[in-house]
Amino acid sequence: MDKKRREAIRYLGFGRNAADERTYELIEASFDDLNRETSPRFVYRIFDLDHSVDGLLRVGTMEIQSKSLLRNLKGCGQVVLFGATLGAGVDRLIRRVSLTDMARAVVLQACAAAELEEYCDEQQKKISTELEKSGLYLRPRFSPGYGDFPIEFQEPIMRMLDCAKKIGLTMTDSYMMSPTKSVTAIIGISTEKERCPISGCEACGKKDCAYRR
């Protein structure tokens with residue numbers, strides 16, 4: 001079983017336990033449906049990072065106070081601002097299915113989340129490959145809402161990336177993204193290569209890691 005399907009099972013709450021045969025069938029059918037409906041897009045920009053003032057991170061026009069993000073970005077002189085979406089077709093698919101089959105809709109939600117995570121990992125690897133040519137290395141993605149990094153910072157990140165124009169990603173007044181299967185993140189850039197998996201903290205058992213979300 002590949003990582004994407006394992007992640008979908010985890011999102012469904014099975015943890016390390018095996019799913020039942022019916023759930024496996026729904027997962028396979030859901031990924032088939034998603035393959036027909038997704039139109040993934042991403043955008044990124046690199047900004048200088050200023051953390052000369054204790055406890056304060058400055059990225060472009062943003063000033064961020066977050067201990068968890070500060071730990072994640074320790075030793076970084078630049079950051080990547082990143083945004084990605086699976087597209088509006090996925091939202092339409094989930095809404096359509098939820099009208100007649102809620103169990104299938106729940107599985108679709110989990111599979112879409114796993115699909116988005118895999119897409120973001122793939123794009124981050126591409127960015128990483130380019131930066132490594134210059135001796136620079138990426139940290140794990142860190143999104144608004146993780147730790148004490150307020151979700152309100154989705155708005156300036158999306159504005160600085162011009163997400164609405166570049167990838168069709170907008171946000172409501174309550175900080176919900178549209179399309180919903182979308183993500184924004186800050187990714188640290190360092191001259192030191194850290195042993196930290198791109199798959200993220202959920203897949204890592206190192207609880208005392210300085211870069212943990």
Side-chain angles (χ1 to χ4, degrees), residues 1-43 68 82-126 140-147 149 151 153-154 157-158 163 167-172 174-187 196-207 209 211-213:
M1 185 186 301
D2 63 15
K3 176 190 169 187
K4 184 168 66 174
R5 283 160 177 78
R6 290 196 302 271
E7 283 295 283
I9 290 170
R10 185 176 66 83
Y11 286 134
L12 286 168
F14 285 93
R16 297 183 181 276
N17 299 317
D20 58 87
E21 184 176 348
R22 175 57 178 158
T23 301
Y24 283 126
E25 291 174 354
L26 285 173
I27 287 171
E28 290 305 318
S30 294
F31 279 124
D32 286 342
D33 290 340
L34 287 169
N35 286 337
R36 290 189 290 270
E37 299 293 342
T38 55
S39 51
R41 301 173 69 185
F42 82 105
V43 61
S68 51
F82 178 89
T85 181
L86 292 184
V90 173
D91 283 4
R92 290 193 294 268
L93 171 64
I94 293 172
R95 282 197 300 269
R96 188 166 66 245
V97 170
S98 66
L99 294 175
T100 58
D101 192 339
M102 278 306 301
R104 185 174 160 224
V106 169
V107 175
L108 263 174
Q109 288 275 8
C111 290
E115 190 82 39
L116 177 61
E117 189 76 8
E118 180 178 78
Y119 178 71
C120 291
D121 286 351
E122 289 171 351
Q123 307 319 311
Q124 184 170 339
K125 286 177 182 176
K126 292 176 183 177
R141 293 187 302 277
F142 202 103
S143 293
Y146 289 164
F149 183 23
I151 198 169
F153 279 95
Q154 292 203 120
I157 292 174
M158 291 172 64
C163 283
I167 60 174
L169 175 58
T170 59
M171 188 183 66
T172 69
S174 57
Y175 305 102
M176 294 293 293
M177 287 185 285
S178 178
T180 58
K181 295 308 175 191
S182 306
V183 69
T184 62
I186 292 180
I187 311 171
C196 202
I198 197 171
S199 56
C201 300
E202 296 86 357
C204 180
K206 187 172 173 54
K207 305 300 184 184
C209 177
Y211 310 112
R212 193 167 186 86
R213 295 196 289 245

Q.
Taking side-chain hydrogen bond (donor to acceptor under 3.5 Å, both in side chains) as the cut-off, I'd like each qualifying pair that reaches into residues 85-94, sequence neighbours left out, listed once.
A.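 As it turns out, the side-chain hydrogen bond (donor to acceptor under 3.5 Å, both in side chains) pairs with a partner in residues 85-94, which skip direct neighbours, are Thr85-Ser182, Asp91-Thr180.
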
Q: Quick one: do Glu25 and Arg22 satisfy salt bridge (Lys or Arg N to Asp or Glu O under 4.0 Å)? Show the steps, please.
A: CA-CA 5 Å; Glu25 291 174 354; Arg22 175 57 178 158; 3.8 Å; yes

Q. Of Lys181, Arg141, Arg6, Arg10, which meets salt bridge (Lys or Arg N to Asp or Glu O under 4.0 Å) against Glu117?
A. Arg141

Q.
Applying ring pair (Phe, Tyr, Trp, His ring centres under 6.0 Å), can you list everything that pairs with Tyr119, at least two apart in sequence or on another chain?
A. none

Q.
List the residues meeting side chain to side chain contact (heavy atoms under 4.5 Å, CB included) with Thr100, not counting sequence neighbours, and say none if there are none.
A. none

Q. Looking at residues at least two apart in the chain, or sitting in another chain, which of them share a side chain to side chain contact (heavy atoms under 4.5 Å, CB included) with Arg104?
A.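 Result, side chain to side chain contact (heavy atoms under 4.5 Å, CB included) vs Arg104: Leu26, Asp33, Val97, Asp101.
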
**Q.** All side-chain hydrogen bond (donor to acceptor under 3.5 Å, both in side chains) counterparts of Asp20, not counting sequence neighbours
**A.**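 For Asp20, the residues satisfying side-chain hydrogen bond (donor to acceptor under 3.5 Å, both in side chains) (neighbours in sequence not counted) are Thr23.
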
Q: Please report the C-alpha distance between Ile186 and Phe153 in whole Å, then the side-chain angles of each, then the deciding distance to 0.1 Å, and finally whether the side-chain contact (heavy atoms from CB on, under 4.5 Å) criterion is met.
A: CA-CA 10 Å; Ile186 292 180; Phe153 279 95; over 6 Å; no

**Q.** side-chain contact (heavy atoms from CB on, under 4.5 Å) between Phe31 and Arg5, intermediate numbers included
**A.** CA-CA 9 Å; Phe31 279 124; Arg5 283 160 177 78; 3.7 Å; yes

Q: Answer yes or no: is there a side-chain heavy-atom contact under 4.5 Å between Thr170 and Cys163?
A: no

Q.
Going by side-chain contact (heavy atoms from CB on, under 4.5 Å), Cys111 matches just one of Leu116, Val106, Leu12, Ile27. Which one?
A.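 Checked Leu116, Val106, Leu12, Ile27 against Cys111; only one passes side-chain contact (heavy atoms from CB on, under 4.5 Å): Ile27.
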
Q.
Set out, in order, the CA-CA distance, both residues' side-chain angles and the distance that settles side-chain contact (heavy atoms from CB on, under 4.5 Å) for Met177 and Met158, then state yes or no.
A. CA-CA 10 Å; Met177 287 185 285; Met158 291 172 64; 4.2 Å; yes

Q.
For Arg96, give me all partners under salt bridge (Lys or Arg N to Asp or Glu O under 4.0 Å), at least two apart in sequence or on another chain.
A. Glu37

Q: Without swapping roles, check the side chain of Glu7 against the backbone of Ala114 for a donor-acceptor pair under 3.5 Å.
A: no

